[in-house]
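Here the structure comes first, spelled out in C-alpha cells, and everything after it is commentary.
Being a predicted model, the structure only gives us computed values, none of them experimental.
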Amino acid sequence: MLSGISFIQYFQPAIYATLQYNQDQQLLISGLYGLVAPVACLACLLFVDRIGRRKILVSSASLLSLCYLIITIIAAIFPARPGFPTNEAAQRGLIACVFVLSANYSALLGPMTWIIPPEVFTTELRGKANAVVQVLHYSISLIIAQCSPIALAAVGWKYYIFFILTNALCAIVFAITYPETRGKSLEDMSEIFGDIKRSMEPELGNAGTTLSDRKTAGSASMQSRRRSRSKRPRSRPSWEP
C-alpha cells in the first residue's frame with residue numbers, strides 16, 4: 001500500500017546492499033527485521049481499544065513520513081559508494097529507521113486496515129466491502145513491488161520522497177475526513193455515516209408525558225372513589241328501633 005511497507009519488506013536486502021553490507025550481514029539484518037512485526041502486533045492488542053482509531057492512523061502515518069524523511073536525508077548525504085569508506089553511524093541510523101518503520105506499521109497502521117473496514121460497513125455490505133478493500137490493498141502492493149526496482153535504478157534515494165509525500169497526505173486525510181469509530185455500535189456507525197438519523201429525545205418526551213398522564217388519571221380515580229364512598233347513605237341495622 002502507499003505506506004511503503006511493502007517496498008521495505010521486499011527490497012530491504014537491496015537497501016542493505018547499498019550500504020555495502022555483505023550477503024551474510026544482509027540476511028542477519030533481514031532475519032532480525034522479521035522478528036519486529038510479530039512483537040509489534042502483539043503490543044497492538046494492549047492499546048488498540050484504548051486509543052481512538054483516528055489518533056492511531058494520524059500518528060502512524062506521520063511517523064512513517066518522518067522515518068522516510070530521515071532515510072532520504074541519510075541516503076542523500078552519506079551515500080555508500082564502492083571503494084569509498086562508509087559512515088557507520090549513518091548506516092546504523094538508516095537501519096534503525098527501517099526497524100522503526102516496521103514496528104510502527106505492524107503496531108498501528110497495519111492492524112487498522114483489518115479493524116476499520118468491518119466497523120464502518122453495514123452487515124449487508126461488510127463481506128463485499130472487505131473483499132474490495134483487500135483487493136485494492138494487495139494490488140497497490142503488487143504495483144509498488146514491480147515498480148520499485150525500476151525506480152531505484154533510475155533515481156536512487158529520490159524514490160523515498162514518494163513515500164514521504166504519500167504518508168504525509170494520508171495523515172492529513174485521516175485527520176480531516178475520518179470520523180472516530182472506537183466503541184461505536186453498528187447503529188452509531190449508521191448514524192455517523194448518514195444512513196439513519198436517530199432522535200431519542202422526542203421518544204423519551206412522549207414516554208414521560210404518557211407516564212405522567214397515567215399517574216394523574218390514577219390519582220383522580222382514587223379521589224373519585226373516596227368521594228363516592230363518603231356520599232353513600234349508611235343503612236340502619238335491623239335491630240335499631
Side-chain angles (χ1 to χ4, degrees), residues 1-37 40 57-110 112-113 133-178:
M1 57 185 301
L2 295 177
S3 64
I5 193 64
S6 58
F7 162 70
I8 295 294
Q9 290 173 343
Y10 298 151
F11 297 100
Q12 54 175 317
I15 296 174
Y16 304 146
T18 61
L19 301 176
Q20 297 187 5
Y21 285 114
N22 58 42
Q23 189 173 3
D24 292 338
Q25 291 174 325
Q26 295 173 28
L27 292 176
L28 176 61
I29 298 173
S30 299
L32 295 175
Y33 174 91
L35 297 176
V36 174
L57 292 171
V58 173
S59 60
S60 180
S62 301
L63 183 57
L64 287 171
S65 181
L66 178 61
C67 288
Y68 274 110
L69 176 62
I70 297 173
I71 291 174
T72 303
I73 293 173
I74 293 175
I77 298 177
F78 304 102
R81 300 174 183 175
F84 290 87
T86 58
N87 190 311
E88 294 184 359
Q91 289 178 331
R92 296 190 186 98
L94 192 148
I95 294 173
C97 286
V98 170
F99 277 62
V100 172
L101 274 170
S102 176
N104 174 23
Y105 181 84
S106 300
L108 300 176
L109 187 59
M112 290 298 104
T113 61
V133 168
Q134 297 308 319
V135 167
L136 291 175
H137 175 87
Y138 288 105
S139 297
I140 295 174
S141 297
L142 179 61
I143 293 172
I144 291 176
Q146 296 297 319
C147 295
S148 292
I150 302 172
L152 285 174
V155 297
W157 59 266
K158 296 177 183 177
Y159 179 54
Y160 304 146
I161 298 176
F162 172 73
F163 298 111
I164 297 174
L165 299 177
T166 55
N167 284 289
L169 178 62
C170 287
I172 295 173
V173 172
F174 293 151
I176 295 177
T177 63
Y178 272 47

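Under the ring-ring contact (aromatic ring centres under 6.0 Å, His included) criterion, Tyr10 pairs with no residue, sequence neighbours left out. In this structure Tyr138 satisfies the side chain to side chain contact (heavy atoms under 4.5 Å, CB included) test together with Trp114, Gln134, sequence neighbours excluded. For Tyr159, the ring-ring contact (aromatic ring centres under 6.0 Å, His included) test picks out Phe7, Phe163, with sequence neighbours left out.
Contact between Ala171 and Val58 at its shortest, heavy atoms only, is O-CG2, 3.9 Å.
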Leu152 vs Tyr160, side chain to side chain contact (heavy atoms under 4.5 Å, CB included): CA-CA, chis, key distance, verdict:
CA-CA 9 Å; Leu152 285 174; Tyr160 304 146; 4.3 Å; yes

Would Val133 and Thr113 count as a side chain to side chain contact (heavy atoms under 4.5 Å, CB included) if you check the C-alpha gap in whole Å, the side-chain angles of each, and the deciding distance to 0.1 Å?
CA-CA 9 Å; Val133 168; Thr113 61; 6.0 Å; no

What do the steps show when you test Val98 against Ile29 for side chain to side chain contact (heavy atoms under 4.5 Å, CB included), and what is the final call?
CA-CA 10 Å; Val98 170; Ile29 298 173; over 6 Å; no

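For the pair Leu108 and Met112, the minimum side-chain heavy-atom distance is 4.5 Å or more. In this structure, Leu101 and Ile71 have side chains that are in contact, with non-hydrogen atoms separated by less than 4.5 Å.
In Tyr178, the OH atom is not crowded: 12 or fewer heavy atoms of neighbouring residues, nucleotides or ligands sit closer than 6.0 Å.
A donor-acceptor contact shorter than 3.5 Å is absent between the side chain of Ser102 and the backbone of Phe99. Judged purely by atom type and a 3.5 angstrom limit, Tyr33 has no side-chain atom pairing as donor or acceptor with the backbone of Ile8. Judged purely by atom type and a 3.5 angstrom limit, Ser65 has no side-chain atom pairing as donor or acceptor with the backbone of Ala61.
Taken from CG in Leu57 to SG in Cys170, the straight-line distance is 9.5 Å, to the nearest 0.5 Å. In this structure, OG1 in Thr72 is found 6.0 Å from CD1 in Ile161, a value given to the nearest 0.5 Å. The distance from the CD1 atom of Ile74 to the CG atom of Leu69 is 10.0 Å, given to the nearest 0.5 Å. Rounding to the nearest 0.5 Å places CG of Leu94 at 11.5 Å from CD1 of Ile73. Atoms CG and CG, on Leu109 and Leu64 in that order, are 6.0 Å from each other to the nearest 0.5 Å. A distance of 11.5 Å separates CG in Leu165 from CG in Leu2, rounded to the nearest 0.5 Å.
A side chain to side chain contact (heavy atoms under 4.5 Å, CB included) with Asn104 holds for exactly one of Ser60, Ser3, Ser62, Cys67; it is Ser60.
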